[in-house]
2 protein chains.
Amino acid sequence: MPVSKKANGTIRMRDVAERAQVSRMTVSRALNSPESVNETLRNRVLEAVQELGYVHNHLARSLSSRRSNVIGLVLPSLENSIFSQTVKGISDVLRPLGYHLMVAESSDDPEDEEQVIAAFLAQRVGGLILHSTNHSPTAVRMLKASDTPVVENGDFPVDPVDMVVSYSNRAAAKAMTLHLARLGYKRIVFAGLAANPRAAERQRGFQDALAEIGQKSDRKHAVAVSRGFGGGTEAISYIEANVPDADALFCAGDVLAVGALLECDRRGWAVPDRLAIASFDDLDLMRHVSPAITSLRLPRYEIGRRSAQMILDRIEERTMPVTTIDLGFEIVQRASS
Amino acid sequence: MPVSKKANGTIRMRDVAERAQVSRMTVSRALNSPESVNETLRNRVLEAVQELGYVHNHLARSLSSRRSNVIGLVLPSLENSIFSQTVKGISDVLRPLGYHLMVAESSDDPEDEEQVIAAFLAQRVGGLILHSTNHSPTAVRMLKASDTPVVENGDFPVDPVDMVVSYSNRAAAKAMTLHLARLGYKRIVFAGLAANPRAAERQRGFQDALAEIGQKSDRKHAVAVSRGFGGGTEAISYIEANVPDADALFCAGDVLAVGALLECDRRGWAVPDRLAIASFDDLDLMRHVSPAITSLRLPRYEIGRRSAQMILDRIEERTMPVTTIDLGFEIVQRASS
DNA sequence: TTGTAGGCGTTATCAC
DNA sequence: GTGATAACGCCTACAA
């Protein structure tokens, strides 16, 4: 089969049009709304597309139509596997409808996030899903001015940019703390992460719970540790040095909890007899370690699905969707507490 | 349906130009090559940009200039934290030069990958980094016809699309197997993953090593298990049922190895005395479990860095870079073997 | 150093 | 159902 190629290499719609002996508009329609084109013509067009190896230019399409089929997602980190479920939830909605997801990383730093948001807006994405709820003023201004549908995900912002789909970090942490108290633990230590706004909310929830059960808030009972498994080790060392009579450790992150468990193992501390352990977020790993770790299961997949749906509803002007959705959480009690 | 639509729509370069009392070209230049514009004018332009909240339209820019500042990355999965280092390596090169990374997922399925590649090409990305080396014929044809710089990453393909930056899965697996043999292990079992081309190469390397030390290849000594921690559990069960005298287990993936270690723990099998364990890929977790797991350290960060550099070199026509780079690997011996 | 003209590849719009 | 024409917002090329 003869493959003709323009001098500059790229094949355009007009080349397809010439080959199929139709106008450019017919090619455009055959590609975008096939049912609106006579079958004979449509087939001629699609054949020409195949023969020439034509690839639709979405830049030009978006520029002209003023809409894009790309949705942007901004994650604090790609290192953290808790987000993979959210990504899957989003993709499952977008893919069948011809939209595409593009992911970028913000490092949980509002400056970085601003850069990334600016880049997405410059690309004129059709919508934006942000995990962080802590944005620079400039970022917020840009987002609002752009009229781009936005969903925030990681928590309930005090002042939402637009739509929100989340669970409450504070409520979840409070519930877990009350759960531990109900199991009889008296001196619970909370291990959080510095410079992580969601971990900070979790710490507030922890304190809410202590207040509710009438326990005096002791600063010693909350500590900020590093990210990663090492943070769990730090938490255990902290307990040994500062709260030796602690009977439970509630970690703001899953990896932390595993790190802590491994450190207990190394020291020969029995879990949960010497120290109970509970975790935020229910990674697969939580049920594979021994003892399996009690944790909060969060609706990560559903958050992705609903976020994508709300964006699409807005883009396709189907409805004026509810702007804030609380998807709750669930406590999974296991052997570690 | 009454949708709130801004009276004036979006702000364009011409609006900025009017406000700053210059031509559109001066605005364009002030944004793209500031040094080529008189300081006074430049400041007037940048001021107007601020005041109007103008956001550069990269769609129009790319369409007109026929170049894009977006680089696409296709990963088999976003669930796997081994890729986060590569992402960081790429970002570290791209960001300072004004390029942006967009990530998409292929599920290690050539069909899915083809879709994702088509989407990236339709967006006319400036370059593409593919972790998989196993593409559909259509995908390869599209890539080659597009003239887009491409780097493949996950292994050395038999027939590269374009550039390659990787280590050899086969060579690495062979080296680790020889290492275990040198330590005195006589009956090594290999646990791989079904439907993962890189794991298949690793199995070949395993067999290469056995052949080299003159050990008869026994089909029983290789098994395919599921992904995730559960796969490690399966591997141990397999050994108990089929190769009870095995003295070492070499896992094609890090998560597998941890799963296996945890299962040994549960069964009371001493590691490495009853069974040694070694892993492909050196996740943080490997040195935190006890015993720490012997593993292959792969140049994930460097792979990202070099890949991005090669793409940029090609885009900016700096050089005609070497097309295949082998970054090697390293064996990290720990207590588990 | 700055400006003018025209084109990048597509779609919206309005005729036919 | 199909086609002609004029945008979409920017940049290349050239002129001043």
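What you see below is based on every heavy atom in this structure, not just the backbone, and it leaves out hydrogens, waters and symmetry mates. Naming convention: chains lettered A, B, ... in sequence-line order (proteins, then strands); numbering from 1 in each chain.
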Enquirer: With a 6.0 Å cut-off (strictly less than), is the heavy-atom count around CD of E39(B), excluding the residue itself, greater than 12?
Expert: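 Atom CD in E39(B) is not crowded, with 12 or fewer foreign heavy atoms closer than 6.0 Å.
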Enquirer: I'd like to check the side chain to side chain contact (heavy atoms under 4.5 Å, CB included) partners of Q309(A); sequence neighbours left out, ordered by chain and number.
Expert: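 Applying side chain to side chain contact (heavy atoms under 4.5 Å, CB included) to Q309(A) gives V93(A), R305(A), R306(A).
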Enquirer: What's the CD-P distance between Q21(A) and dT2(D), to the nearest Å?
Expert: 15 Å
Enquirer: Using a 4.0 Å cut-off on protein heavy atoms (strictly under), produce a 5'-to-3' string for nucleotides 7-16 of chain D with B for base contact, S for backbone-only sugar-phosphate contact, and - for none.
Expert: BBBBBB----
Enquirer: According to side-chain hydrogen bond (donor to acceptor under 3.5 Å, both in side chains), who are the partners of S106(B), at least two apart in sequence or on a separate chain?
Expert: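 Scan of S106(B) (side-chain hydrogen bond (donor to acceptor under 3.5 Å, both in side chains), adjacent residues dropped) gives none.
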Enquirer: Apply side-chain hydrogen bond (donor to acceptor under 3.5 Å, both in side chains) to E316(B) and list each qualifying residue two or more places apart in sequence or on a separate chain.
Expert: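 Scan of E316(B) (side-chain hydrogen bond (donor to acceptor under 3.5 Å, both in side chains), adjacent residues dropped) gives Y99(B), R318(B).
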Enquirer: I'd like to know if the side chain of N153(A) pairs up with that of S307(A) as donor and acceptor (distance under 3.5 Å, no hydrogens or angles considered).
Expert: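 Note: N153(A) and S307(A) side chains meet the donor-acceptor criterion.
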Enquirer: Quickly work out the N69(A) CG to dT10(C) P distance and round it to whole Å.
Expert: 14 Å
Enquirer: Can you classify the ring geometry of H58(A) versus H56(A) as parallel (below 30°), tilted (30 to 60°) or perpendicular (above 60°)?
Expert: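 It falls in the perpendicular class, over 60°.
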Enquirer: Sub-3.5 Å donor-acceptor pair from the side chain of S77(B) to the main-chain atoms of E79(B), do we have one?
Expert: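 At least one qualifying donor-acceptor pair exists.
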Enquirer: Taking side chain to side chain contact (heavy atoms under 4.5 Å, CB included) as the test, write out the residues that go with D108(B), two or more places apart.
Expert: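 In terms of side chain to side chain contact (heavy atoms under 4.5 Å, CB included), with neighbours along the sequence ignored, D108(B) is linked to P76(B), S132(B), N196(B), P197(B), R198(B).
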Enquirer: Between the two ends of the helix from dT1(C)-dA16(D) to dC16(C)-dG1(D), what is the bend in degrees, rounded to 10 degrees, where each end axis spans five pairs?
Expert: 30°
